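Take a look at the structure set out below.
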Amino acid sequence: MRVATVKHPIPFRDWLLVALSVLLVTLTLFMARLEPLFQALFPDVSNPVYRRESFLQLTLDHLLLVLVSSLISVSVGVGAGLFVTRRGGREFEPMVSSMAAIGQTFPPAAVLAIVVPLAGFGFVPTVVALTLYGLLPVIQNTIAGLNTVPPATLEAARGIGMTQGQILRRVELPIAMRVIIAGVRVSVIINIGTATIGATVGAQSLGTPIIAGLVGNNIAYVIQGALLVGLLAIVSDLLFERLERRFTFGA
Amino acid sequence: MAHDRVPGDEERHTGSLVTNRVLLTLLVAALLGVVLLPFASMAPNRLMSGQAVGVTAAMLSWQWLALAGLAGILTACALSRPFPARLARWLTLTAAPLWLLLALYGLGDYASRALQDASPAARVSQGAAFWILVFCPILMIIDAFQRLGSSLAVRGLYSVVLVVLVGAMFAGDTFDALSIMREYANNKGTFTAEFLAHLRLVGLALGPALLMGLPLGLLARRHPTARGPLFGALNFFQTIPSIALFALLVAPLSALGEALPWLKAIGVGGIGAAPAVIALIMYSLLPVVRNTYAGFAGVPATTIEAARGMGMTSRQILWKIEVPLALPVILSGLRIVTVQAIGLTVVAALIGAGGLGAFIFQGLGQYAIDLVLLGAVPTIALAVVADFLLQILVALSKPAGMR
Amino acid sequence: MIELQGLTKIYGDKTVVDDVSLRVDSGEFGVLIGPSGCGKSTTLRMINRLIPASRGRILLGEDDITRLPVEQLRRRIGYAIQSIGLFPHWSVAKNIAVVPGLLKWPKSRIDERVDELMGLFHLDAGELRDKYPHQLSGGQAQRVGVARALAADPEVLLMDEPFGAVDPLTREVLQDELLRVHRHTRKTIIFVTHDMDEALKLASRIALLNAGRLVQYDRPIELLTRPANDFVRSFIGKADLGLKLLSRRWVHQYQQPATLRGASDESVRISGYAWEVDKEGRPVCLHGGRLHAEDTQERTGVTPEWSATPDMTMKEALSRMVWFRVMVLPVLDSEGRLVGEVTMHGVMGQQPCA
C-alpha cells in the first residue's frame, strides 16, 4: 500500500460516532423486533419488551426535555457570562462564579427533588431543574473561556480600531468558544442523565421504562431504557467532542 | 469561595451613591421574593397541598419589623454613605446572619403557633420566599468575604460559628412543629440508618477508586501511549447516565449472584449495594486519574531535571519532589469525586442500595413532599459541607512555599 | 579534569552530537557555545548522564563516568540550570542543602556549609535562609541555584545557560560574581551559553559547536584572532570584532610608564600631555592630552570614573577615554597611586603580549 494515497484517515472516534449513531437509531426504531432475544434472556417475564409507549416517542420526549432546558441554559448562561465579564458587570463576577461553583456541588437528583414542591410534578419541574442545573457549567465555562483571552490580544484588537462589538464577535468569542462548548457539553450530558431521573417525578423520558422495570421487577425493561439512554449520552458526547475540535486552532 | 479577587477596589474613585451593586441586587431580589412569593404554607394533612401564607401574615410584627430593620442596615451597607467600605462589610457580616437566623426562627415560630389549635394532622411547610430569605444572606456573606479578601481560616471559623448556631436551633425545639421535622421525628431511626448507609456507600466507592486511580494516574504520566485509551475508557463510563449504569449492572450481577451462591451470600446480587458501589467506583475513577495525572504533569520538567542532576534516585524524586508538588491537585480530584459520589448515591436508592435517596424516591412515590425534602436537604448539606472541608484540606496541602 | 573522547549522540537517524573530543583541565573555565540546536546542552547533559551517550567516553579525573553508579556520579558533579530548577516547595536553605543531605552529612556541617555558601554569594542568610524560591528576585534565585550546585564541594560544576532568564544588568553582576567564586574555589566549570560576550568574559577556553560538531576549541583570544573558518568568524560577528578583542585584553598588557610633569612645562610640549602627582604619588590632574594638540593648557581632574586599574578590560578603558574625550587614561593601583598610563595610540598600535 502506498502511503501517499491515504489522505485523511478517518479517526477512530468518528467511526465510533457513526456506528453508535446507527445503533441508537436502529434500536430506537426496532427494539420490539428484539423480543425473541429478550425472551430468551429473561424466560420468566411475560412481556419482555416495554410497550406502554414506543421507544421512538420516549426518545423524542427525552430529547425535548434536554433540548428545551439546554436552549434556555445556554442562552441565559452565556448571557450571564458575558455580562459579568463586561465593564458594567465585573462587580458581579466573583458572586456569580461562587454561585456556579457551589451550585454544582448540589446533587442533580436532589435539585430535581427540591423543585417538585415549588413547581409540581411532570414536564415543567423537570425542565426547571434541568435548566437551573445546566446553567451552572455554562456560566462557569463562559467566564473561564472569556478570561483565557490574553490581555495583549484585546489591547491589539483595540489598537487596530475594532469596536467593542467587533472585539467580542471576532476575537473574544472565537477564542473562548472551545471552553464554552466544553461547558455546554458537560451541561447537556448531565441533563441527559437527570432527564432519566425525571421519570420519577412524572416526566416521560427514557427513564420511564427503567423505573417501570425497577418497580415491576422486569430487568428487560431496565436494560432497554438504559441501553438507549447510555447510547444517547455517548453519541451526544462524541458530537460535542467533534464540535470542540473545530475550535482548537491547532492548539 | 474559591475566588479571591476583590472586584470593588475602584469603587472609592467613583462618585456614585451605590458602592456595592451585588448587595443591592440581592436585597432587591429578597424584597421581590417576600412580596410575591409565599413564606410558608399550611395544609390539612401531609399529602394535600397547602395554603400560601405571606411573610407579614406568618411572622409576628416584631419579627418582620426586625427583618425590615436589618434590610435597612444592609441597604446602607451597599451605599457609599454613611459607612466606610470596610465597616460596611463587617456590618454586612453581622446583619446578614442575623437575618438568616431570624428567617429560620420566624418559620419555626409560625409553625408552632399555627398548629397550636389546628388538627393533629395539619402540616406547616416552608415556601419559596423562605428559601430566598435563607439564600440571600448566605450570598451576602460570601460577597462580603470576597470583598474583604479574608483568609480561608477566617471564613472557616465564621462558617463554623454560623453552622453551630443553626445547629443549635435544630437541636432545640425551634423547628419541631415544621412538617419536614415531623417527618424526621417519624423516621428518626430510619434516617440515621439511611444517612450512615449513604456515607458507607460513598466510602466504599472512594477507597477502591483511590487505590486504583492513583497508580493509574501515575501510569498515565509515565506512559504517554497509555493516556489516550485510558482516558477514553474512563470518559466513556463518566458519560453514561448514572441510573443507566446502575441499571445495566443489575442484570449481570444478578446472573452472577445466581451462578455463584457464595457471592450472593456476601450480598452480591442484582439489586442492592453491589451494583451501586461498582458503578460509583467507575464514575470516581476518571476524576481521580485525571487529577493525579494533571498533578504530576504540573511539576515543572526543569525541577525534575534539577533533581536528577543533583543525584536524587527516582524514588527520592517521586516522594520528595513530585508527590508534594502534585498533592494539592490530587486532593482537588478527591474533592470532586467525593461531592460527585454523594450526589450519585442518591440515585443508587432506585436500585435498592439505600441511602438518603430512599426518602426522596419514597416521598415522590407517595406524593409526600416533606419526605422528599427530608432526603434532598441533608444530601445537599452533606455535599456542601464535604466540599468546604476538602477545600480547606486542599489549601492546607499546598506546600508552604506555594501558598 | 573532564575529558570527552569521540562523544556522539544519535536520536533515531539524527546525529545531534557528532564525535566531540575535548579536555577541560582542573580549575579551568570551559564554555560550550554555538547556535541553538548545535548540541551544546546535549553534550553537557551527557557529562552527568542525564542523557546517555550513543558512542564515545567521558572521563571524570581517572574514572570513566559510566563505571560509576549514576546517582553517585551526579552527587560529585554540581549542576545549575535556570532558576526554575529550584524546588518551589523548599526554603532557600533546604534547596542549598539538597546534595549534602543526599550524601548524609551531619546536620551541623550542612548548616555551616549553607551559611558559608550564602556568604560567598553575598546572600543575607538572616533574611533569606527561610524564604521560598518564589519570594526571591531573579538574581537571588540564580545565586541560590549556583550555591546549591556548589554545596557538596563537587569536583566539577556544570552550568546550562544559568543566567539566561535574568535582565542584562543582573547578568553582568552574576558573571562578575561567578568569576570571583571561580578564582576563589578553582573549580572546574563547564558552562553552556549562546551569548558570545558572556563566553568571552567568563571562559578560559571556548568550544564552539555547530550542527553537533566541534568547530574550534581554543582560548578566547585565539578564537578572536585566529578563527578556524568562516563559520567561527561569522558567529563571533564582524561588527564589533575589535571591541570583542579588547574585551579579552587587560589594561596591564597595554600599560606604559606615566609621563610625569617636571618643574617646567617641557614634558607637556614634547608629548602633548603630562601628569601632576601629589606627595603620595596620587595623580591630581592631567595637563593637555586632548584631541587637539593646541589644547595643552587644558587640565583634566582625575576621578574614579576617569581612571583605570590594571585588571580592567581594555574595552572598558577605551570606553572611558571616548566618553571623556581624552587621549590618555591614568592607571591606578589599589591605593590610588599612579602606576602607569594607557593611551589611544597604545590601543591602536601595540600588539600586546597575550
Side-chain angles (χ1 to χ4, degrees), chain A residues 12-13 41-42 89-99 101-102 104-114 116-118 120-121 189-190 192-197 199-202 206-207 210-211 213-215 217 219-220 222-223 225-234 236-238, chain B residues 1-8 11 20-22 25 125 128 131 139 142-143 146-147 232 235-236 238-248 250-251 254 270-271 339 342-347 350-352 357 360-361 363-365 367 369-370 372-373 375-377 379-380 383-384 386-387:
Chain A
F12 169 69
R13 295 194 155 245
L41 280 172
F42 305 100
R90 272 281 171 202
E91 198 185 344
F92 289 86
E93 201 221 276
M95 168 62 39
V96 170
S97 299
S98 302
M99 279 169 72
I102 298 170
Q104 283 183 83
T105 64
F106 291 20
V111 172
L112 188 66
I114 283 248
V116 170
L118 304 173
F121 282 83
I189 298 303
I190 291 178
I192 290 177
T194 315
T196 320
I197 307 169
T200 60
V201 302
L206 286 170
I210 299 180
I211 303 296
L214 287 171
V215 172
N217 208 8
I219 294 192
V222 173
I223 290 180
L227 207 56
L228 285 182
V229 81
L231 277 174
L232 186 63
I234 288 166
S236 316
D237 191 58
L238 289 172
Chain B
M1 282 187 223
H3 302 265
D4 286 290
R5 254 181 302 161
V6 186
E11 68 193 30
N20 187 342
R21 291 192 296 145
V22 176
T25 310
S125 302
W131 292 118
L139 294 176
I142 292 172
D143 174 65
Q146 276 168 346
R147 284 167 196 267
N235 186 52
F236 185 82
Q238 190 85 13
T239 307
I240 299 175
S242 51
I243 189 172
L245 191 55
F246 286 134
L248 286 173
V250 168
S254 75
I271 297 282
V339 170
I342 290 173
L344 289 172
T345 303
V346 171
V347 183
L350 277 176
I351 53 164
I360 296 181
F361 297 115
L364 287 173
Y367 294 92
I369 296 308
D370 291 303
V372 173
L373 291 182
V377 175
T379 316
I380 292 176
V384 172
D387 186 60

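Below, chains carry the letters A, B, ... as their sequence lines are ordered, and counting in each starts from 1. Nothing here was measured: the structure is a model prediction, and the numbers come from that model.
The minimum heavy-atom distance linking B:Phe246 with B:Ile351 is given by the pair CB-CD1, 3.7 Å. The two residues B:Pro241 and A:Thr196 make their nearest non-hydrogen contact at CB-OG1, 4.3 Å. Closest non-hydrogen pair, A:Met95 versus B:Leu139, comes out as CE-O, 3.1 Å.
Highest contact tally toward chain B, considering only A:Ile190, A:Ile223, A:Val201, A:Thr200, is held by A:Thr200 [criterion: heavy-atom pairs under 4.5 Å]. Residue with the most contacts toward chain A among B:Leu248, B:Ile360, B:Asn235: B:Leu248 (heavy-atom pairs, distance under 4.5 Å).
If you measure heavy-atom distances from B:Leu373 to chain A, the contacts under 4.5 Å come from the side chain alone. Heavy atoms closer than 4.5 Å to chain B are found in both the backbone and the side chain of A:Ile234. For chain B, the nearby part of A:Ile211 is the side chain; its heavy atoms alone come within less than 4.5 Å. Proximity to chain B is limited to the side chain of A:Ile210, based on heavy atoms less than 4.5 angstrom apart. Using a 4.5 Å cut-off between heavy atoms, B:Val346 touches chain A through its side chain atoms alone. Residue B:Thr345 does not touch chain A at all, counting heavy-atom pairs closer than 4.5 Å.
With sequence neighbours left out, the side-chain contact (heavy atoms from CB on, under 4.5 Å) criterion links B:Tyr367 to A:Phe121. Remark: B:Ser125 pairs with B:Asp370 by the side-chain hydrogen bond (donor to acceptor under 3.5 Å, both in side chains) rule, at least two apart or across chains.
Remark: A:Phe42 CZ is packed, more than 12 non-hydrogen atoms of other residues, nucleotides or ligands lying under 6.0 Å away.
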